[in-house]
Amino acid sequence: MAESIYRALRDGALEGELAPALTIKDSVASPFALQVFSHVISQLFSSILAGKSQSRGLVVVSFSRSPSFYLDLLKNKGTDVASSNKQIQILDCYSDPLGWKDQLAGSRNFTALSNEAMVSSNAIVFREVKHMDKLYNSIIELGKGLVGGGKIRFSIAIDSADEMLRHAPVSSVARLLSNLRSHDQISSIFWLLHSDLHEARVTAVLEYLSSIVASLEPSHQLANGQRGDLENFSLIKHNSKKGKFHVRFKKRNGRSEEVHIEQSGINFASLPSEGAINQGLVPKVQFSLQLSEKERIDKANVVLPFEHQGNGKPIQIYDGRRSLVDSKHERPVSAVENVQTNENCGSGEIIYYRDSDDEMPDSDEDPDDDLDI
């Protein structure tokens, strides 16, 4: 499912539709959203450099990590950031989010910004994170600076919706994300979210704005929610390195994978299906549900009731209601009647069979009552 996420973001938006939007959410029980977010960035940017993506540039909006974190991430993946600075820009909302350092520098109480803000030409410092409209304009300007105008598209990665929600109400954040999705030059957008920091309604709003929701869950739930019990210590240690990665597409059912956190990076592995898990619980039966060759031939040769044989012989119709062969009140009628074919038939005859053996032949019952609607 990690590959399906990558393909959806890589293929981008269809003409006249909103851009694909991905929410990557985690919790303190399985805090691996940043690793997944970083993995998606590196995979998507590699496809952009190779020209295999609809997007021709990437704008990273960094709130919780410095620009150098992402530049080092791409370098470790083998990307020459210096030569690819025309395809990636970082809007730095980390170094001076409220403009305090800038004000201190203006009052001569502070000499200059830290080296984080001066990391490279790929990063532009943004100092007004409380204003979602200005943030929107800055993102669009950076993207257009990468790809130009027209119909050329770019992608957006926001490393923390939590930080935006710290500075602005959920309605403003939702409007920002919605406007970005509907912009003609946006190919795809994704963000990470720590779900246990917010009320359920806030998480529901961001999931509603998404076309894909990726959730990280612990592999093993702690008993009674207790984290201090000795019996849960091994489970806590286990959950710190591995978890469940559940992906839900709006137009498809959800799928799950297992995520492993290693020193070399993050790896995804498919979970065994529920049928495979429960296969050993199904009792073995001593008979086969499949027909043998002989049984199939015998079944094909069975003449069904009221079936036209079509073999040149008189048609045989079996009356399954007859329980008595002879009767004192009517002439004996065999259970099998020989009916002449149309070629030998000069006249017809209607034979009435009683509804029950208790009915007298001269009763007042109308034989045509069964035909009434």
Side-chain angles (χ1 to χ4, degrees), residues 9-10 12-13 17-24 37-38 40-41 44-45 48 53-71 73-74 81 84-99 102 116-117 119-193 205-206 209-211:
L9 298 178
R10 179 197 64 189
E17 292 190 3
L18 297 177
L22 166 66
T23 294
I24 305 172
F37 181 84
S38 302
V40 173
I41 281 183
L44 180 60
F45 191 62
I48 292 174
S53 173
Q54 181 192 65
S55 173
R56 290 295 179 263
L58 176 64
V59 174
V60 179
V61 184
S62 63
F63 279 95
S64 61
R65 293 293 185 275
S66 66
S68 61
F69 173 85
Y70 295 103
L71 297 178
L73 171 69
L74 297 176
V81 180
S84 58
N85 59 356
K86 293 183 179 180
Q87 291 173 290
I88 183 173
Q89 279 291 335
I90 301 175
L91 187 62
D92 181 9
C93 301
Y94 172 85
S95 300
D96 191 19
L98 300 176
D102 186 51
E116 292 290 355
V119 64
S120 73
S121 59
N122 297 88
I124 303 297
V125 178
F126 184 75
R127 300 181 176 88
E128 298 180 273
V129 295
K130 290 184 177 182
H131 304 283
M132 293 293 106
D133 292 337
K134 294 182 179 180
L135 179 61
Y136 171 82
N137 292 331
S138 297
I139 294 173
I140 298 301
E141 289 176 5
L142 278 184
K144 288 184 176 181
L146 289 174
V147 301
K151 294 185 177 181
I152 303 177
R153 297 176 181 261
F154 61 93
S155 296
I156 301 172
I158 303 175
D159 73 356
S160 178
D162 309 289
E163 296 294 331
M164 290 194 295
L165 291 169
R166 285 182 58 190
H167 300 291
V170 63
S171 58
S172 299
V173 174
R175 184 171 61 251
L176 167 71
L177 298 176
S178 179
N179 290 339
L180 290 174
R181 283 197 68 189
S182 59
H183 195 278
D184 292 338
Q185 287 191 266
I186 304 301
S187 174
S188 59
I189 179 173
F190 55 101
W191 57 83
L192 64 83
L193 175 72
V205 168
L206 295 185
L209 294 171
S210 311
S211 57

Looking only at heavy atoms, which two atoms of [X] and [Y] are closest? And how far apart?
X: F154; Y: V147; result: CD2-CG2, 3.9 Å
X: I90; Y: P67; result: CD1-O, 3.7 Å
X: D92; Y: S62; result: CA-OG, 3.6 Å
X: F45; Y: Q87; result: CE1-O, 3.6 Å

Rounded to the nearest 0.5 Å, what's the gap from [atom1] on [X] to [atom2] on [Y]? Could you check?
X: W191; Y: F37; atom1: CH2; atom2: CZ; value: 11.0 Å
X: S172; Y: R175; atom1: OG; atom2: CZ; value: 4.5 Å
X: Q185; Y: L146; atom1: CD; atom2: CG; value: 10.5 Å
X: L91; Y: S138; atom1: CG; atom2: OG; value: 5.5 Å
X: L135; Y: N137; atom1: CG; atom2: CG; value: 9.0 Å
X: N122; Y: Q89; atom1: CG; atom2: CD; value: 6.0 Å

> Yes or no on side-chain contact (heavy atoms from CB on, under 4.5 Å) for I189 and L9, after CA distance, side-chain angles and deciding distance?
Replying inline: CA-CA 8 Å; I189 179 173; L9 298 178; over 6 Å; no
> Hey, mind stepping through L22 and S210 against side-chain contact (heavy atoms from CB on, under 4.5 Å) and telling me if it holds?
Replying inline: CA-CA 6 Å; L22 166 66; S210 311; over 6 Å; no
Within the side chain of [X], is there an N or O that forms a donor-acceptor pair under 3.5 Å with the backbone of [Y]?
X: R181; Y: L209; value: yes
X: Q54; Y: R10; value: no
X: R127; Y: P97; value: no

>> Any heavy-atom pair between the side chains of I41 and F190 that's under 4.5 Å?
In response: yes
> Do I48 and R56 come within less than 4.5 Å of each other through their side chains, counting heavy atoms only?
Replying inline: no
>> Using the rule given for side-chain contact (heavy atoms from CB on, under 4.5 Å), can you reason through L18 versus S211, listing the C-alpha separation, both sets of side-chain angles and the distance that settles it, and then say yes or no?
In response: CA-CA 9 Å; L18 297 177; S211 57; over 6 Å; no
Sequence neighbours left out, cut at 3.5 Å: what donor-acceptor pairs do the side chains of residues 155-171 make with other protein atoms?
unit_1: S155; atom_1: OG; unit_2: S55; atom_2: OG; d: 3.3
unit_1: S155; atom_1: OG; unit_2: S188; atom_2: OG; d: 2.9
unit_1: D159; atom_1: OD1; unit_2: F63; atom_2: N; d: 2.7
unit_1: D159; atom_1: OD1; unit_2: S64; atom_2: N; d: 3.3
unit_1: D159; atom_1: OD2; unit_2: F63; atom_2: N; d: 3.1
unit_1: D159; atom_1: OD2; unit_2: S64; atom_2: N; d: 3.2
unit_1: D159; atom_1: OD2; unit_2: S64; atom_2: OG; d: 3.4
unit_1: D159; atom_1: OD2; unit_2: R65; atom_2: N; d: 3.3
unit_1: D159; atom_1: OD2; unit_2: Y70; atom_2: OH; d: 2.9
unit_1: S160; atom_1: OG; unit_2: D162; atom_2: N; d: 3.3
unit_1: S160; atom_1: OG; unit_2: D162; atom_2: OD2; d: 3.4
unit_1: S160; atom_1: OG; unit_2: E163; atom_2: N; d: 3.3
unit_1: D162; atom_1: OD1; unit_2: H194; atom_2: N; d: 3.2
unit_1: D162; atom_1: OD1; unit_2: H198; atom_2: NE2; d: 2.5
unit_1: D162; atom_1: OD2; unit_2: H194; atom_2: N; d: 3.1
unit_1: E163; atom_1: OE1; unit_2: R166; atom_2: NH1; d: 3.0

>> Set out, in order, the CA-CA distance, both residues' side-chain angles and the distance that settles side-chain contact (heavy atoms from CB on, under 4.5 Å) for F126 and S95, then state yes or no.
In response: CA-CA 8 Å; F126 184 75; S95 300; over 6 Å; no
